[in-house]
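Data first, discussion second: the structure below is written as structure tokens.
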Amino acid sequence: QRTTPFARRAFSTQFPALQRVAGVETVKNYINGKFTESKTDKWIELYNPATQDLIGYVPETTPEELQQATDTAAAAAKEWRKTSVLARQRVMMDLQYLIRQNQDSIAENIVQEQGKTFADAKGDVFRGLQVVEQACALTNMLMGEKLTVAKDMETYMYREPLGVVAGICPFNFPAMIPLWMFPLAIAAGNSIIMKPSERDPGAMMMLAKLAAEAGVPDGVLNIVHGSVDCVNYICDEPEIKAISFVGSDKAGEHIYTRGNANGKRVQANLGAKNHAVLLPDANKQASLNAIAGAAFGAAGQRCMALSTLVCVGETKDWLPELAQRARELKVGYGMEADTDVGPLITVQSKKRVERLIQSGVDEGADLILDGRGVVVKGFEKGNFVGPSLLTNVKTNMECYREEIFGPVLVCLNVDTLDEAIELINSNPYGNGTAVFTNSGPSARKFEHEIDVGQVGINVPIPVPVPPFSFTGSRGSILGDMNFYGKSGLNFYTKPKTVTSLWKESDSEHTRAAVSMPTMH
Ligand code: NAD
């Protein structure tokens, strides 16, 4: 039986297991292959969002410890880059096996720290696992190029690792998003410093243990915890060459600007407002089910949640049926098998979501389903909000302008597909969108005229699998190198070109050449 540093949180029917503050464990840093207690005197409380039980303390890692993580990563990177691509590929193969073996225990940890349902948490691990599987194709992806460019002269290009890179993660996918980052970074020959979300670091801790078992050497993967100070250290430390960030606009803009100012490569995936367009020729039942699932699944805490519905023409009359489907979703604790919608991550998030629902009402929208005030038996202190549906929403309302990040669907009405496209293209975000239709020409028009990076046609959450990349656009991304896929690997590597000349004899060299070579 594999044990993890967080095994104590494995699901038990006796949940909640941790009730006494005195017994609450601290989350360790992971530096140079060791789980070590921080010497900090600043700790962040970690709560189970379904119960409000205090389940851990996350350190604000000290500057000395952050430096230690960087030094160890830099030393490890020098050796790790010398290993062959095939050797690193083999480590990825073992890692994917170990993650599959431990998928359930990682998912259980996610339920307890993040709140999503167990089935959804398994999906969180699985969608990250797919990136590891893609990293197993490293040998093909890292293949270089070579061309004879003149007599006896060849140019070839291959990609080299950057050295030390860093990953800063959000709370909403505690396994998938770290797995967007560290496997490709390591496979490409870098060392990495991961900074998981301080709200749910457990999955990353478990993944680090598995990575070590898979053969990732000490120092190649490190974890430091904390919040703003820790992030600012990562932005400023010269040894860290690149930062992968996923999270809110505010933090992302800060990290992108500060990291760039310090000469770093930064990829930053930010917030979203994803619109679905519902056309009257769509399959009604399938579309309404897809929309309800994508709007309220994971309690709306997905960057690709379908948070906005644009009803074209008579489809606005379908909304009472949509509300009925949403009403049937069960709000509750994530480990209970029939739960559809878990809690929000914090008490503050719950209050914010409830306030945004009220703002819609105050500004004239119709609240045809109100999930506020829902009480889950046995979990009365949880941060639950039930599915909520605001209709007749206008684009100037706060509930439309803000990313709500809760189980709230805002619905707008238009008369034509052209109007729907214009409305979506006028929104600053460009993460994802979907159209529901049975018309090929309408789908094709939508696909080509919509200015959003990830488009679904009768697919509500069109997140590409890892042979492709995650291609949010406009306000949903800063930087131009996407996560995972070829672009992800390019982010963690830099190209080197070599031009070589090997002549058999010295006799052609009669005088110095001063003009630009014309490559005969
Ligand atoms: P967040 O920005 O609050 O936190 C993300 C990370 O940034 C954390 O590690 C946190 O410690 C750090 N951080 C937070 N505030 C900071 C500050 N002021 N200065 C420096 N660092 C700071 O995001 P979150 O609430 O954890 O995640 C939800 C957000 O992430 C949503 O906006 C969601 O759309 C977005 N998200 C986007 C994608 C995507 O691919 N586009 C994917 C997942 C989540």
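Start at 1 and go down the list; that is how both ligands and their atoms are numbered. Just so it is clear, the model here is predicted, and its values are computed rather than measured.
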Query raised in the report: Of all the heavy atoms in Ile345, does at least one lie under 4.0 Å from an atom in ligand 1?
Result: no
Query raised in the report: Between Ile168 and ligand 1, which residue portion shows a heavy-atom distance shorter than 4.0 Å: side chain, backbone, both, or neither?
Result: side chain
Query - 4.0 Å heavy-atom contact, Gly472 with ligand 1 - result: no
Query raised in the report: Is there any N or O on Phe171 that sits under 3.5 Å from an N or O of ligand 1?
Result: yes
Query raised in the report: How does Ile477 reach ligand 1, if at all, at less than 4.0 Å between non-hydrogen atoms: by side chain, backbone, both, or neither?
Result: neither
Requested in this report: Answer with side chain, backbone, both or neither: which part of Phe405 has a heavy atom less than 4.0 angstrom from an atom of ligand 1?
Outcome: side chain
**Report entry** Test of proximity, Glu403 against ligand 1: N or O pairs below 3.5 Å
**Finding:** yes
Query raised in the report: When rounded to the nearest 0.5 angstrom, what is the spacing between SG in Cys230 and NZ in Lys42?
Result: 12.0 Å
Requested in this report: Give me the ring orientation class for Tyr57 and Trp43: parallel if the planes are under 30° apart, tilted from 30 to 60°, perpendicular past 60°.
Outcome: perpendicular
**Report entry** Short N or O distance, Phe245 and ligand 1, threshold 3.5 Å exclusive
**Finding:** no
Query - Sequence-distant partners of Tyr400, ring-ring contact (aromatic ring centres under 6.0 Å, His included), two or more places apart - result: His275
Query raised in the report: Does ligand 1 have any atom that is closer than 4.0 Å to a heavy atom of Trp180?
Result: yes
Report task. Give the single entry among Asp249, Asn482, Asn269, Asp200 that approaches atom 40 (O) of ligand 1 most closely by any heavy atom. Result -> Asn269
Query raised in the report: Between Ser197 and ligand 1, does any nitrogen or oxygen pair lie at a separation below 3.5 Å?
Result: no
Report task. From atom 39 (C) of ligand 1, work out which of Cys169, Gly167, Gly453, Cys303 has a heavy atom at the shortest distance. Result -> Cys303
Query - Distance, nearest 0.5 Å, that separates OG1 of Thr62 from CG of Asp41 - result: 9.5 Å
Query raised in the report: Is the shortest side-chain N to carboxylate O distance from Arg302 to Asp120 below 4.0 Å?
Result: yes
Query raised in the report: Does ligand 1 have an atom under 4.0 Å from some heavy atom of Phe173?
Result: no
**Report entry** contact_flag Phe483 ligand 1 heavy-atom lt 4.0 Å
**Finding:** no
Requested in this report: Tell me which one of Ser248, Cys235, Ser227 gets a heavy atom nearest to atom 1 (P) of ligand 1.
Outcome: Ser248
